[in-house]
Amino acid sequence: MIDVHTHIGQFYELNVSAKMISEFMQKMQVDYYLTSSTSITEGNYDKVLHELHEVVSLSDGKALPVLWITPQMLRDDKEYVFLNSELKWYCIKIHPQLDPNFWQVENEVMNYVISIAQDLKIPICIHTGEKNNCESLKFLNIINNHPTQYFILAHGRPTNEAITMMKKFKNTFVDTAFMSVDTILSFVNEELTDKILWGSDSCIIKHYYPRINISNIYFNKVETLKRLTDTETFNKISHQNAKNLFKLS
């Protein structure tokens, strides 16, 4: 398994330590997992770097750092703190829902972030949701104007818009974070299997459902997807697509 959407750090009252996520991913038998720190929303850049270095170390390199770029980071001119660190970045993340007035498509800021991704030769993961400013189709022009840059529509929302984008653009993927198996199958049924990446948003679900057993939820979702798809489809979603996109061995 390759999980392209996980988090460490502080998320409201929940704190996901490097030890917690590395042990959880080991238990779930995940080979690699891309992870960003939700602590970035605090603006504590040293803390974020420490968390990411720690999780890479504890995971024996199975944790692959994601650079979450925030408006505050750019205002503070602190992106260089991360770009000049010793970490190898595998993806850039932006979260338009958290900053609805900042991440306007086709502006200088968005183009700047894309230029960073292009220099690093890594994909950009965009949080998508039901809010007007982060629906998938909002990013149509920016994706259309950068055909060589890979984009991941995290959560693939709204589903019909994400499907439209994936059919239209070869450089566009979705991840399955907070996506039901039925919704995953709706993408499969549209012959988009090659563009679906397994993602879980672990362990954020503990914030919304504190008493839930996240191991059971993760395991059951994997087993249900495996049961409802053929081997080739499951293999592509669970690891092969991510392996190809992120150039993993």
Side-chain angles (χ1 to χ4, degrees), residues 1-40 47-68 87-91 93 125 127 152 154-156 173-185 196-229 231-249:
M1 296 288 295
I2 298 175
D3 193 327
V4 306
H5 194 143
T6 74
H7 295 291
I8 53 174
Q10 195 70 39
F11 186 75
Y12 298 99
E13 80 297 336
L14 177 69
N15 184 270
V16 180
S17 68
K19 183 174 185 291
M20 177 181 175
I21 193 70
S22 59
E23 289 180 350
F24 178 73
M25 287 294 150
Q26 184 177 18
K27 183 178 180 181
M28 294 299 101
Q29 300 182 342
V30 173
D31 297 303
Y32 293 105
Y33 52 100
L34 275 74
T35 192
S36 61
S37 171
T38 48
S39 298
I40 194 66
K47 177 182 178 182
V48 171
L49 283 171
H50 173 76
E51 290 171 336
L52 290 171
H53 278 291
E54 184 179 15
V55 75
V56 170
S57 176
L58 288 177
S59 69
D60 292 326
K62 291 185 176 182
L64 311 178
V66 173
L67 174 54
W68 185 338
L87 291 168
K88 179 180 179 180
W89 302 105
Y90 285 82
C91 190
K93 175 188 176 76
C125 178
H127 171 92
I152 302 167
H155 314 294
F173 296 73
V174 294
D175 72 39
T176 66
F178 273 103
M179 189 182 288
S180 69
V181 173
D182 284 344
T183 301
I184 297 173
L185 293 177
I196 305 170
L197 306 167
W198 176 259
S200 66
D201 227 331
S202 298
C203 300
I204 297 300
I205 194 171
K206 287 291 286 185
H207 164 72
Y208 299 102
Y209 309 100
R211 297 183 179 181
I212 205 166
N213 186 313
I214 58 174
S215 297
N216 288 346
I217 294 296
Y218 199 109
F219 179 78
N220 290 338
K221 189 173 179 180
V222 171
E223 290 303 305
T224 301
L225 183 63
K226 185 183 295 186
R227 176 170 53 84
L228 294 178
T229 57
T231 301
E232 181 181 9
T233 297
F234 178 78
N235 287 344
K236 285 182 177 182
I237 296 172
S238 64
H239 65 278
Q240 193 61 55
N241 293 339
K243 185 177 180 180
N244 293 339
L245 181 61
F246 296 104
K247 301 177 175 62
L248 302 172
S249 58

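Pairs of residues two or more places apart, or lying in two chains, that qualify as salt bridge (Lys or Arg N to Asp or Glu O under 4.0 Å) and include a residue from residues 14-25 are K19-E23. Applying the ring-ring contact (aromatic ring centres under 6.0 Å, His included) rule to pairs touching residues 8-35 yields F11-H207, Y12-H207, F24-Y218, sequence neighbours excluded. Judged as a salt bridge (Lys or Arg N to Asp or Glu O under 4.0 Å), the pairs with a partner in residues 208-228 (not counting sequence neighbours) are, in order, E223-K226.
From S238, atom OG reaches atom CG of D31 across 9.0 Å, with rounding to the nearest 0.5 Å. Note: M25 CE to M28 CE = 8.5 Å, rounded to the nearest 0.5 Å. Annotation: the span from L58 atom CG to H53 atom NE2 amounts to 13.0 Å, rounded to 0.5 Å. With rounding to the nearest 0.5 angstrom, the NE2 atom of H50 is 9.5 Å from the CD1 atom of I8. Distance check, rounded to the nearest 0.5 Å: CE of M1 to CH2 of W198 gives 5.0 Å. N235 contributes atom CG, which lies 10.5 Å from atom NZ of K243 (distance to the nearest 0.5 angstrom).
I196 places none of its side-chain heavy atoms less than 4.5 Å from the side chain of D175. Between C203 and I21 there is a side-chain heavy-atom pair separated by less than 4.5 Å. In this structure, W89 and L52 have side chains that are in contact, with non-hydrogen atoms separated by less than 4.5 Å. Put simply, the side chain of I205 reaches to within 4.5 Å of the side chain of F178, judged on heavy atoms. Residues L64 and L248 are in side-chain contact: their nearest non-hydrogen atoms beyond the backbone lie under 4.5 Å apart. Under the 4.5 Å side-chain criterion, counting only non-hydrogen atoms from C-beta, L197 is in contact with I152. Side-chain contact between F246 and V4: present, with at least one pair of heavy atoms (C-beta onward) separated by less than 4.5 Å. Contact check for I237 versus I184: side-chain heavy atoms found under the 4.5 Å cut-off.
Looking at residues two or more places apart in sequence or on another chain, you find a salt bridge (charged side-chain N to carboxylate O under 4.0 Å, His left out) between K236 and D194, E232. For H127, the side chain to side chain contact (heavy atoms under 4.5 Å, CB included) partners two or more places apart in sequence, or in a different chain, are H95, P96, Q97, C134, H155. N15 is linked by a side chain to side chain contact (heavy atoms under 4.5 Å, CB included) to Q10, S17, counting only residues two or more places apart in sequence or in another chain. When the side-chain hydrogen bond (donor to acceptor under 3.5 Å, both in side chains) test is applied to S59, no partner is found at least two apart in sequence or on another chain. For L228, the side chain to side chain contact (heavy atoms under 4.5 Å, CB included) criterion is met by V181, L185, T224, not counting sequence neighbours. Listed by chain and residue number, S215, N216 satisfy the side chain to side chain contact (heavy atoms under 4.5 Å, CB included) test with N213 (two or more places apart in sequence, or in another chain). Judged as a side-chain hydrogen bond (donor to acceptor under 3.5 Å, both in side chains), and not counting sequence neighbours, the contacts of S36 are H7. For K47, the salt bridge (charged side-chain N to carboxylate O under 4.0 Å, His left out) criterion is met by E42, not counting sequence neighbours. Residues satisfying the side-chain hydrogen bond (donor to acceptor under 3.5 Å, both in side chains) test with N241, not counting sequence neighbours, are none.
Nearest heavy-atom pair across S200 and S202 is OG-OG, 2.6 Å. Across all their heavy atoms, H5 and A177 have their closest contact at ND1-CB, 3.6 Å. Listed here is the closest heavy atom pair of L34 and C91: CD2-CB, 3.9 Å. Across all non-hydrogen atoms, the minimal contact from A63 to V55 is CB-O, 3.8 Å.
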Chi angles and distances behind the side-chain contact (heavy atoms from CB on, under 4.5 Å) call for F173, L245: CA-CA 10 Å; F173 296 73; L245 181 61; 4.0 Å; yes
Audit row: V30, I2, side-chain contact (heavy atoms from CB on, under 4.5 Å) steps and yes/no: CA-CA 6 Å; V30 173; I2 298 175; 5.8 Å; no
Check against side-chain contact (heavy atoms from CB on, under 4.5 Å), K93 and L67: CA-CA 6 Å; K93 175 188 176 76; L67 174 54; over 6 Å; no
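One side chain, T35 or T6, offers a donor N or O that lies under 3.5 Å from an acceptor on the other.
The neighbour count for E13 CD, taken as heavy atoms of other residues, nucleotides or ligands under 6.0 Å away, is above 12.
The backbone N or O of A18 lies less than 3.5 Å from a partner atom in the side chain of S22, making a donor-acceptor pair.
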